Amino acid sequence: MIQSGLFPVTRLRRMRTDEFSRRLKREFSLTVDDLIYPVFVLEDNNAVEPITSMPGIERQGLTALLKTAEKCMAYDIPAIALFPVITSQLKTIDAAEAYNPEGLVPRTVREIKARFPQLGIITDVALDPYTSHGQDGLINEKGYVLNDETVTVLCKQALTHAEAGADIVAPSDMMDGRVKLIRDELDRSNYILTKILSYSAKYASSFYGPFRDAVGSKRNLGNADKKTYQMDPANSNEALHEAGQDILEGADMIMVKPGLPYLDIISKLKSEFNMPIFAYQVSGEFAQLKAASQNGWISEKECVLETLLSFKRAGSDAILSYYALTAAKWLREAK
Ligand code: PBG
């Protein structure tokens with residue numbers, strides 16, 4: 001590689017002198033096209049509930065959710081991701097509610113699609129909102145999450161979502177082989193254009209705490225963890241191995257989650273695979289930024305936009321963020 005000469009021939013500050021030259025040199029940018037807004041959905045149409053550990057984010061029943069969807073459309077956000085809050089009576093050992101065609105997710109997808117057909121809808125494929133024990137899959141008597149039995153249920157769940165009109169199904173469960181079997185299931189029913197966003201590099205992270213408060217799976221999970229299926233935060237090779245498998249199995253997009261502590265993984269996946277890579281700025285990352293901002297310790301807008309830009313620089317094509325709607329407003333104001 002040819003490098004420029006040394007100081008004083010080279011002065012890197014020369015290009016930083018003026019706004020125009022800074023603009024010309026700029027390599028990455030964040031736009032609304034990069035944003036996906038995750039939303040928590042309540043059974044009761046008229047309900048709205050705040051989430052203590054995620055100030056400013058609410059669980060929303062259909063009425064409020066349709067207004068949120070309208071705002072996303074108004075700000076030109078390409079897609080939303082639905083996360084259901086299932087009432088405890090519907091949580092069972094076999095997670096049967098996960099593939100109820102009249103369940104909360106399919107109903108919500110149909111309602112949103114009927115009004116805002118252009119808004120992309122991503123649904124989460126995993127059993128944790130539906131299991132009485134809060135794990136993402138079915139368990140045996142020892143509490144071990146069973147892989148193949150779980151995948152059978154995930155396929156039914158994904159098909160139910162596709163039938164309701166979901167554009168993208170997003171398995172976040174980390175079972176082996178689920179992308180292939182979900183693709184087969186969708187294709188068998190001729191949902192050949194339903195896309196799969198695979199949570200490939202999903203780590204057994206402690207940054208999911210506020211999300212588990214939001215969907216109410218924390219209590220059900222108790223002291224159990226998800227380390228027998230989510231990845232060890234100490235590993236990097238494994239993310240490439242896992243993503244490679246998911247790509248071969250038919251994933252259209254792959255996700256890294258959490259986001260900021262795993263920028264190195266985003267970067268590696270982007271250079272290894274010619275695939276769309278998405279990042280999830282998870283609930284704990286949102287909570288950190290929000291808490292520091294509310295204390296007046298950091299400047300919220302600048303820090304959030306800087307963080308979202310760092311995902312782009314690392315190689316993310318899109319970002320799921322609880323800040324998506326706010327960021328879209330900020331980006332529009334800046335124009
Ligand atoms: C579970 C799921 C989780 C999140 C999205 N889907 C939590 C978990 O794995 O326990 C976390 C998202 C966030 O923290 O914002 N299938």
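Everything numeric here is computed off the predicted structure, so don't read it as measured data. Ligands are counted one by one from 1 in listed order, and the atoms in each one are counted from 1 as well.
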Pairing of D232 and K227 as salt bridge, 4.0 angstrom limit = no
key: Sequence-distant partners of Y323, ring-ring contact (aromatic ring centres under 6.0 Å, His included), two or more places apart   = F286
message = Run the ring-ring contact (aromatic ring centres under 6.0 Å, His included) test against F311 and tell me which residues pass, sequence neighbours left out.
response = none
query = When you look for protein heavy atoms under 4.0 Å from ligand 1, which residues do they belong to?
reply = F83, D124, A126, D128, D136, S172, K202, F207, Y208, F211, R212, K226, Q230, K257, Y280, V282, S283, Y322
ask   = Taking the six-membered ring for Trp, are F40 and Y322 parallel (under 30°), tilted (30 to 60°) or perpendicular (over 60°)?
value = parallel
Just list the side-chain donor-acceptor pairs under 3.5 Å for residues 6-16, sequence neighbours left out, or say none.
from : atom 1 : to : atom 2 : distance (Å)
T10  : OG1    : S4 : OG     : 3.2
T10  : OG1    : G5 : N      : 3.4
T10  : OG1    : G5 : O      : 2.3
R14  : NH1    : V9 : O      : 3.3
R14  : NH2    : V9 : O      : 3.2

query = For E306, does the CD atom have more than 12 heavy-atom neighbours from other residues, nucleotides or ligands under 6.0 Å away?
reply = no
